[in-house]
Undergrad: 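Below are the structure tokens for one structure; questions will follow.
The chains referred to below are lettered A, B, ... by the order of the sequence lines, with proteins before strands, and numbering in each begins at 1.
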Amino acid sequence: MNNDRTIRGIGIDIERVRRFERLIGTAAGDALGAHAFTAAERGRIAADAVSWAAVFTAKEAAAKALGVGVFPDAGGIACRDMEVTPLAASGFAEMRLTGAAVAVAEAAAVRRIAVSTRLVRGHVVSRAWALGAAR
Amino acid sequence: MIDRAAFLPLLADVFDIEADAISDEMALTTENWDSLAVLGVIALVDREFERTVSSDELKRCRSIADVLQVVDAAVAEA
């Protein structure tokens, strides 16, 4: 029996790639990268602005799908408590949750989060589906 | 008080504007003051001053002067 077929939340986020092109290699970009991305993500996305935008928007979308934001001091989930897996053959990636994010997902009866990202005219758009069992 | 002359160019990267175009009077709008920018400021302050600024306080800011005031207050809380 598949317990992950019910959509319990949907989130979407969009960012201009240009903003990440500007940030990468600056003090602000270094700080944001360390703050928002896990070590595994930083190793994978390197200095590619589209990849930065994809991972960042995927996290924002995933948090929205759980009904929260990305500011832990305001009840949200820390970006580093979410890790985007490499894209699967299905065209979707998964958002792996750690730390406080796990409790947020459990409270929302969410078992997994699937994410999909597209590049559209200089913007990256990510969508996230929080999936769980039917109540 | 933070060194504004040194900090403003760092903020300019967050807002994707030229360093000489940023000023205290610059208004923050829904165009430039989104969660990416707020997270960018939080991360920058953490890195530069090893201080934590409140996301809610930042979200209430309506100008660069407001942001600097929040950062100044966080840095003063030593």
Undergrad: Which bit of A/Glu21 is near chain B, if near means a heavy-atom gap under 4.5 Å: side chain, backbone, both or neither?
TA: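 No part of it gets close to chain B.
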Undergrad: Under 4.5 Å between side-chain heavy atoms, hopping through other hydrophobics if needed: is there a path connecting A/Met82 to A/Val125?
TA: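 Shared cluster, no.
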Undergrad: Linking I/L/V/M/F/W/Y whenever their side-chain heavy atoms sit closer than 4.5 Å, directly or via other members, would A/Val104 and A/Val102 fall into one cluster?
TA: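 Yes; A/Val102 is reachable from A/Val104 via cluster members.
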Undergrad: So if you build clusters from Ile, Leu, Val, Met, Phe, Trp, Tyr with side-chain heavy-atom gaps below 4.5 Å, do B/Trp33 and B/Val45 land together?
TA: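 Yes.
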Undergrad: Which answer fits A/Asp13, side chain, backbone, both or neither, if we ask what part of it has an atom under 4.5 Å from a heavy atom of chain B?
TA: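 For A/Asp13, there is no contact with chain B at all, as no heavy atom is under 4.5 Å.
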Undergrad: So which heavy atom on B/Asn32 is nearest to which on A/Arg19, and how close?
TA: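 Here B/Asn32 and A/Arg19 meet closest at O-NH2, 4.2 Å.
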Undergrad: Check for a donor-acceptor pair, side chain of A/Asp73 on one end and backbone N or O of B/Ser55 on the other, with a separation under 3.5 Å.
TA: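 Yes; judged by distance alone, with no hydrogens or angles, the pair exists.
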Undergrad: Report yes if some heavy atom in the side chain of A/Leu32 is under 4.5 Å from a heavy atom in the side chain of B/Val14; otherwise report no.
TA: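 No, side chains not in contact.
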Undergrad: Between CG of B/Asp56 and CZ of A/Phe71, what distance do you get to the nearest 0.5 Å?
TA: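 Rounded to the nearest 0.5 Å, the CG-CZ separation comes out at 9.0 Å.
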Undergrad: To the nearest 0.5 angstrom, please state how far the NE2 atom of A/His35 sits from the CG atom of B/Asp46.
TA: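 Between atom NE2 of A/His35 and atom CG of B/Asp46 there are 7.0 Å.
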Undergrad: For residues B/Leu44 and A/Ala28, report the shortest heavy-atom separation together with the two atoms involved.
TA: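 Here B/Leu44 and A/Ala28 meet closest at CD1-CA, 3.6 Å.
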Undergrad: Between A/Arg22 and B/Phe15 (side chain of the first, backbone of the second, donor and acceptor by atom type, cut-off under 3.5 Å), is there such a pair?
TA: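 Not at all, since once roles are kept as given, no pair shorter than 3.5 Å links the two residues.
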Undergrad: Does one hydrophobic cluster hold both A/Trp52 and A/Val50, with members joined at side-chain heavy-atom distances below 4.5 Å?
TA: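 Shared cluster, no.
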Undergrad: Mind checking whether B/Asp34 and A/Glu60 have side chains closer than 4.5 Å, heavy atoms only?
TA: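 No. Closest side-chain heavy atoms not under 4.5 Å.
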Undergrad: Would one find more than 12 heavy atoms of other residues, nucleotides or ligands at under 6.0 Å from atom CZ of B/Arg4?
TA: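 Yes - once you tally the heavy atoms of other residues, nucleotides and ligands closer than 6.0 Å, there are more than 12.
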Undergrad: Under a 4.5 Å heavy-atom cut-off, does chain A meet the side chain of B/Leu58, its backbone, both or neither?
TA: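 Answer is neither: B/Leu58 stays 4.5 Å or more from chain A.
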Undergrad: Need one label for B/Leu11: side chain, backbone, both or neither, based on atoms under 4.5 Å from any heavy atom in chain A.
TA: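 For B/Leu11, there is no contact with chain A at all, as no heavy atom is under 4.5 Å.
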Undergrad: Looking at B/Arg47 and A/Ala27, what are the two nearest heavy atoms and their distance?
TA: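 Nearest pair, atom of B/Arg47 first, then A/Ala27: CD-O, 3.8 Å.
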Undergrad: Highest number of heavy-atom pairs under 4.5 Å with chain A: which of B/Ser54, B/Ser35, B/Ala37?
TA: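 So the answer, after comparing B/Ser54, B/Ser35, B/Ala37, is B/Ser35.
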Undergrad: Check for me, please, whether B/Val38 and B/Leu8 land in the same ILVMFWY cluster - side-chain distances under 4.5 Å, paths through other members count.
TA: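 Per the 4.5 Å side-chain linkage, B/Val38 and B/Leu8 are co-clustered.
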